[in-house]
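Written out below as structure tokens is the structure these notes cover.
Per chain, numbering begins at 1; letters A, B, ... match sequence-line order.
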Amino acid sequence: MGNAEWGMDADRAASDSSPQSPVPSPLRLVVMGTGPFAVPMFRGLLAGRHRVLALVTRLARSSRAGVKPPPSPMRAVAEGHGLPVLDPESINTPVAREALAALAPDLFVVADYGQILSPETLAVARLGGINLHGSILPKYRGAAPINWALYHGDTETGVTVIHMTPRVDAGPIVAIARTPIDPEEDAVALEQRLAQLGAPLVSQVVDQLAAGQVESLPQDASQACGARRLRKTDGEIDWSRSAPEIKNQVRALEPWPRTSTHWLRQHATPLRVILGHVTVEARTSDSPPGTVVAASSGRLVIATGTGLLAIDQLQPAGKRMMSAGEFLNGHPVATGERFGSP
RNA sequence: CGCGGGGUGGAGCAGCCCGGUAGCUCGCGAGGCUCAUAACCUCGAGGUCACAGGUUCGAAUCCUGUCCCCGCAA
């Protein structure tokens with residue numbers, strides 16, 4: 001359901017060249033993507049038999065004065081293939097739509113792009129658009145599905161390809177793939193894996209579209225939940241949460257905004273530290289949340305609301321990520337001191 | 001010219017404001033203690049104090065410039 005129109009369009013596309021041929025005509029694709037999540041999919045399409053006309057990506061802004069922004073991975077791939085790159089401030093202006101229409105695309109293939117396509121923009125492509133999303137929809141609709149899955153301690157996730165509709169991430173499901181989450185996996189690693197998982201899925205769906213053989217399922221809206229964009233403040237540790245919850249937070253918020261707290265040291269201003277790898281301790285303690293219960297022999301252990309959390313790696317403000325041992329060599333943390341918000 | 005922190009033996013830091021022969025916690029080497037040890041004790045090696053210039057009798061420390069790292073902000 002929901003693909004009747006598609007099927008007719010795709011049939012027509014196939015019959016344009018050779019009505020009886022088992023190999024339908026290649027589609028004219030415009031890929032939209034910005035982050036690393038979209039790269040494997042992009043490479044897969046470039047290697048496939050369909051025609052990639054252009055990349056649409058978000059405008060690269062300089063992050064620091066006098067320093068060039070790091071080249072976006074998607075842009076680099078496109079330039080490597082001599083593809084045109086469009087980076088409109090907004091994809092939904094008449095000007096941007098004209099530029100897209102000039103390419104006469106059959107299909108938009110979108111992943112980790114950063115802008116929401118209006119119905120008018122979506123209509124520029126003959127078959128509309130498909131989107132690769134980093135969750136098992138309808139769970140975690142929105143900007144940060146991978147992060148929120150980790151944050152909530154999910155043990156399974158996946159990728160979903162949907163037919164794009166005006167409602168964000170709410171379109172009918174065309175393909176889905178699942179994968180278990182490793183308890184130690186962080187958002188960067190999981191995103192890489194999901195990107196790899198999604199790439200062949202997208203190519204397969206594009207092939208099916210070309211052949212007019214797409215089946216889709218509407219999402220069960222009653223099961224939907226959101227995955228809103230991350231905020232800086234999501235990275236602040238509330239030590240009254242449990243040790244496993246804080247560990248999930250640390251895993252989820254890489255590479256941004258990361259998870260941080262402050263060493264509330266005596267006779268000095270609080271020192272902000274970002275947490276790297278942490279371990280949930282089997283022991284428990286009666287100390288109030290945020291209290292240092294061990295700070296020697298290379299081990300830094302903090303009491304949480306439920307359970308103890310060992311900080312294995314941390315990065316003091318202005319410094320690099322270092323082991324707890326290194327940190328303790330230069331910073332006289334004492335048991336009984338507190339970590340928390342200043 | 002967005003704001004801020006920092007570059008000191010292999011690691012992490014102090015010293016800098018109030019210039020005067022380099023210190024702490026580790027690591028490393030040798031020896032000792034010990035049934036034994038990542039524990040403890042003693043001794044030791046190892047430093048262009050980011051780089052360049054300036055001020056000074058004398059600069060890690062003050063001044064100027066350069067390079068690099070990081071946090072915030074986008």
P atom, B:G6 versus B:C16: distance in rounded Å? 13 Å
To the nearest angstrom, how far is A:Arg229 atom CZ from B:A74 atom P? 14 Å
Whole Å only: how far is the CZ atom of A:Arg299 from the P atom of B:A38? 19 Å
Roughly how far apart, to the nearest Å, are B:G9 and B:C26 at atom C1'? 13 Å
Can A:Trp148 be reached from A:Ile181 by stepping across I, L, V, M, F, W or Y side chains whose heavy atoms are under 4.5 Å apart? no
Pairwise P distance for B:A39 and B:C49, with rounding to whole Å: 32 Å
Taking atom C1' in both B:G47 and B:A14, what distance in whole Å separates the two? 16 Å
B:U21 and B:C13: how far apart are their P atoms, nearest whole angstrom? 26 Å
A:Thr34 versus A:Asp112, side-chain donor and acceptor atoms under 3.5 Å: no
Separation of B:A11 atom P from A:Gln313 atom CD, nearest Å, is 18 Å
Atom C1', compared across B:G10 and B:G29: separation rounded to whole Å: 13 Å
Look at A:Arg258 and B:G71 and indicate whether a side-chain polar atom (N or O) is within less than 4.0 Å of OP1 or OP2. yes
Using only side-chain N and O atoms of A:Gln315, determine if any of them is under 4.0 Å from OP1 or OP2 of B:G71. yes
For A:Arg231 and B:C72, give me the distance from atom CZ to atom P, rounded to whole Å. 17 Å
How far does the C1' atom of B:G44 sit from the matching atom of B:A59, given to the nearest Å? 30 Å
Looking at A:Asp234 and A:Arg228, is any side-chain nitrogen of the basic one under 4.0 Å from a carboxylate oxygen of the acidic one? yes
Indicate, with yes or no, if A:Leu45 and A:Leu194 share a hydrophobic cluster defined by side-chain heavy-atom contacts under 4.5 Å among Ile, Leu, Val, Met, Phe, Trp and Tyr. yes
Nearest-Å distance for atom pair CD1/C1', residues A:Ile274 and B:C72: 10 Å
If pairing means Watson-Crick or G-U wobble with both distances under 3.5 Å, then the partner of B:A50 is B:U66
For the pair made of NE2 in A:His262 and P in B:C72, what is the distance, rounded to whole Å? 10 Å
Which base sits across from B:C33 as a Watson-Crick or G-U pair, both distances under 3.5 Å? none
Selection residues 261-274 of chain A - residue pairs positive for salt bridge (charged side-chain N to carboxylate O under 4.0 Å, His left out), sequence neighbours left out: none
From CE of A:Met322 over to C1' of B:G7, roughly how many Å is that when rounded to an integer? 13 Å
At less than 4.0 Å, is any side-chain N or O atom of A:Arg320 found next to OP1 or OP2 of B:G6? Yes or no. no
In residues 326-338 of chain A, which ones come under 4.0 Å of RNA chain B, going by heavy atoms? A:Glu326, A:Phe327, A:Asn329, A:Gly330, A:His331
Any ion pair linking A:Arg320 and A:Glu326 (charged N to carboxylate O, less than 4.0 Å)? yes
Tell me whether A:Lys247 is salt-bridged to A:Glu184, with the criterion being a basic N under 4.0 Å from an acidic carboxylate O. yes
Distance below 4.0 Å between A:Lys319 side-chain N/O and B:G7 OP1 or OP2: no
Using atom P of each nucleotide, how far apart are B:G15 and B:C24 to the nearest Å? 15 Å
A:Arg272 atom CZ is separated from B:G6 atom P, nearest whole Å, by 17 Å
Any salt bridge between A:Asp87 and A:Arg75, counting N to O under 4.0 Å? yes
For B:G23, give the paired nucleotide (Watson-Crick: N1-N3 plus N6-O4 or O6-N4; G-U: N1-O2 and O6-N3; both under 3.5 Å), or none. B:C13
